[in-house]
Each structure stands twice: as C-alpha cells, then as structure tokens.
Amino acid sequence: MVRHVILRVAAAFATIAAVVLVTFLLLFVVPGDPARAIAGPRATPEILENVRRAMKLGQPIGTQFVNYVRSLLRGDLGYAYSRRATVSVLVRARVPATLALLAAGTAAQVVLGGLLGLWDGLRRARSNVLAAVNITLLSVPGFSVAFVLLLAFAYHWRIFPLTGGTGPAELVLPALSLGILGIPYYATVVSDSIEEAMRAGYIRTAVSLGYTRRQIVVRHLLRATASPMLSLTGLSVAVFFSSVVVVEQVFGWPGLGQLQIRAFTDIDRPLLMGTVIVGSVVVVLSNLAVDLVRMVVDPRVRAGR
C-alpha cells in the first residue's frame, strides 16, 4: 500500500510538472514575440519593453524556464495586463466560489445518479427506462439544461435568485445543472456494480442467512458501489472544469470559468494560463485524494488487485 501511495503521489507531481512545461512552451517558445503574448495585442512599446526586462526574455531558454518555475513556486502566476492586476490575486479571489460549486455539483451528481442507478439495479427490467434517460441527457447540451432551470425556477416561479452571487440560494441551480449533466455516468456505474454484486456468493449467503432486503442493500450493495463511484468522482472533477465555464456564465457565478472567458476575450495569455494551472492542480489533487480514500474503503485496492 505504501508503494501504491508513493507511485500515486509521484504521478500527481509529474502531471503538474507536465502542465507547467506546456504553459511555459505556450508563453515563451511558440513562434512570435513572447512579450506580445504576455502583454496582449494592444500593449504599447513601453509595456512590451517592461515585460522583456521583467521576464528577462534575453536570457537562454533554460534559464527562462528555471525563472518561470521559481515564480510559480512562489505563487507568482504572472501579471494580467488587461486587468492591471497580478494573476495570483485575480485567481485567488475566484477559487473559493469554484470549489464551492465543484463540491455542490459533485454531490448533486452522486445523489441523483446514485439514486437512479440504485433504482434500476435492484430490478433489471427497468433498464430500458435508464437507457432512455441516459440517451436524453447525453443528447442535451449543457447550456440548454442551465437555461431551462434558470427560466423555470428563477424567472417563471421565482424560487431562486435570478441575478448572480455566491450565496447558498444562488448555488442551487448551478449545482443542479452540473448534477443533471452527470446523471448518466453515475447511474450506469451504480447499476452495473449492483448487477455484478447480485451475482456474488456473499449476496446468496446473506439471503440464506435471512437478511432482509434493506439490510442487503445497505450492508453489501451500497458498499459494492463505493469504489467505482469514488473512481468516477475523481474523473468527473476533470470534466467539471470543461462544463463549469458555460454554467458559470449562464448563472453569473463568479468563479474560474468566468475568469477564463474574460481572459480569452481579452487575449490575456498569462491570465488564461494561470487559470489552467490552478485548475489542473485542483484536478490532480482531487484525484489523488480519491485514490487515497479508495484504499481505505476498498480492501482490493490495498491488496493491489
């Protein structure tokens, strides 16, 4: 188990190092003027000269990479010239909102998808219903779900606020949008895990010992779905950062997704790369935490199976 933990931690650091290398290549090595890429297309000659002097662009490429890594280790993600502020300050102000939406959206996916998968897995005759729900949700664009929820529950019935914010009431609809988009994946995993567990010998033993249906579901079937659900949760964090951009924009949620859109619109490459680095670190650390939790929950992982 110790060897497995060491390998997972090493893989996490290697992934983060690869992301840092890619961002460095995008900023400093791609064809064109690195100072222009950093300061933006509307930068004046004076600003470009200041960027070259501050970033020491005249030094060898290896020295530039070392300086870039040192800056990242100090928490310096660069300067957003379009916003006239450091990238670290801008990103730090948005991270709490994104983490709150990540936690709420993941919880919604687990609850909604898990309940549907459990309902289908306990009676396989319902699989046609699950297949129809999955195909429908996979065919609907994410922004359509967000707009329908906003129109129904914020504009028509006025249950939740229509304007953006970071309060609990403003969090419900964005989290529900992400939860609905993740239902097909979690429902399928839970349903298949239950079907596999129902054929296992320990379930037949539990039935022969007189356990009730409720006891079998709680003690055995739910535990059988824990490990694959945790694995899917780690993967869904990465998918989350591709979906959150649209969701945050629709609901006016002030997170990293909105900041990425503004950085892309302003052609502010340091700000865009800063959000990418922070997002990749969150994804890698989340998957590492999920792997460690799986080792506690699933004995097969500890045994190396």
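- Cluster annotation: Val217 is connected to Leu209 through the hydrophobic network of ILVMFWY side chains, with a link wherever side-chain heavy atoms come within less than 4.5 Å.
- By the criterion of side-chain heavy atoms lying less than 4.5 angstrom apart, applied directly or through intervening Ile, Leu, Val, Met, Phe, Trp or Tyr residues, Val129 is grouped together with Ile180 in one hydrophobic cluster.
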Validation: residues 102-118 side-chain donor-acceptor distances under 3.5 Å, sequence neighbours left out:
from: Thr106; atom 1: OG1; to: Leu102; atom 2: O; distance (Å): 2.7
from: Gln109; atom 1: NE2; to: Leu178; atom 2: O; distance (Å): 2.9

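- Both Phe240 and Phe143 are part of a single hydrophobic cluster, where members link through side-chain heavy atoms under 4.5 Å apart.
- Expressed to the nearest 0.5 Å, how far CZ of Arg126 lies from CH2 of Trp119 amounts to 5.5 Å.
- Panel note: side chain Ser71, backbone Asn67; a donor-acceptor pair is recorded below 3.5 Å.
- Heavy atoms only, all atoms of each residue included: Arg223 and Arg219 are closest at CD-O, 2.9 Å.
- Other residues, nucleotides and ligands contribute only 12 or fewer heavy atoms inside 6.0 Å of the CZ atom of Phe13.
- No more than 12 heavy-atom neighbours from other residues, nucleotides or ligands sit within 6.0 angstrom of OH on Tyr185.
- With Trp253 contributing its side chain and Ala97 its backbone, the two residues share a donor-acceptor pair below 3.5 Å.
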Acceptor/donor pairs from residues 16-26 side chains to any protein atom, 3.5 angstrom cut, sequence neighbours excluded:
from: Thr23; atom 1: OG1; to: Val19; atom 2: O; distance (Å): 3.2
from: Thr23; atom 1: OG1; to: Val20; atom 2: O; distance (Å): 2.7
from: Thr23; atom 1: OG1; to: Tyr68; atom 2: OH; distance (Å): 3.0

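- Of all heavy-atom pairs spanning Val140 and Ser144, the tightest one is CG1-CB, 3.9 Å.
- Counting only distance, with no hydrogens or angles, the side chain of Thr225 and the backbone of Val190 share no donor-acceptor pair below 3.5 Å.
- Of the possible donor and acceptor atoms, one in the side chain of Thr212 sits under 3.5 Å from a partner among the backbone N and O of Gln215.
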Go through it in stages, so that I can follow the logic: the residues are Leu173 and Val250, the test is side-chain contact (heavy atoms from CB on, under 4.5 Å), and I'd like the CA-CA distance, side-chain angles, deciding distance and then a yes or no. CA-CA 10 Å; Leu173 292 182; Val250 171; over 6 Å; no
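- Note that the OG1 atom of Thr98 and the CD atom of Gln258 stand 9.5 Å from one another [nearest 0.5 Å].
- The CG atom of Leu259 sits 5.0 Å away from atom CZ of Arg94, with the distance rounded to the nearest 0.5 Å.
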Using the rule given for side-chain contact (heavy atoms from CB on, under 4.5 Å), can you reason through Gln260 versus Leu271, listing the C-alpha separation, both sets of side-chain angles and the distance that settles it, and then say yes or no? CA-CA 8 Å; Gln260 280 185 337; Leu271 181 57; over 6 Å; no
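- We find the CZ-OG distance between Arg74 and Ser88 to be 10.5 Å, quoted to the nearest 0.5 Å.
- Atoms NE2 and CG, from His220 and Leu222 in turn, are 11.0 Å apart once rounded to the nearest 0.5 Å.
- The two residues Glu170 and Pro161 make their nearest non-hydrogen contact at OE2-CG, 3.7 Å.
- Remark: Arg8 engages Asp291 in a salt bridge (charged side-chain N to carboxylate O under 4.0 Å, His left out) (not counting sequence neighbours).
- Phe241 places none of its side-chain heavy atoms less than 4.5 Å from the side chain of Ser280.
- Note: Asp192 CG to Asp120 CG = 8.5 Å, rounded to the nearest 0.5 Å.
- With Arg262 contributing its side chain and Asp268 its backbone, the two residues share no donor-acceptor pair below 3.5 Å.
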Check the pair Thr188 / Asn134 against side-chain hydrogen bond (donor to acceptor under 3.5 Å, both in side chains), numbers first and verdict last. CA-CA 8 Å; Thr188 301; Asn134 288 347; 3.1 Å; yes
Go through the steps to decide whether Leu122 and Leu221 satisfy the test side-chain contact (heavy atoms from CB on, under 4.5 Å), and finish with yes or no. CA-CA 10 Å; Leu122 293 178; Leu221 294 182; 3.7 Å; yes
Would Ser177 and Phe251 satisfy side-chain contact (heavy atoms from CB on, under 4.5 Å), going step by step from the backbone distance to the final call? CA-CA 10 Å; Ser177 298; Phe251 293 100; 3.4 Å; yes
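- In this structure a side-chain-to-backbone donor-acceptor pair under 3.5 Å is missing from Asp76 to Leu72.
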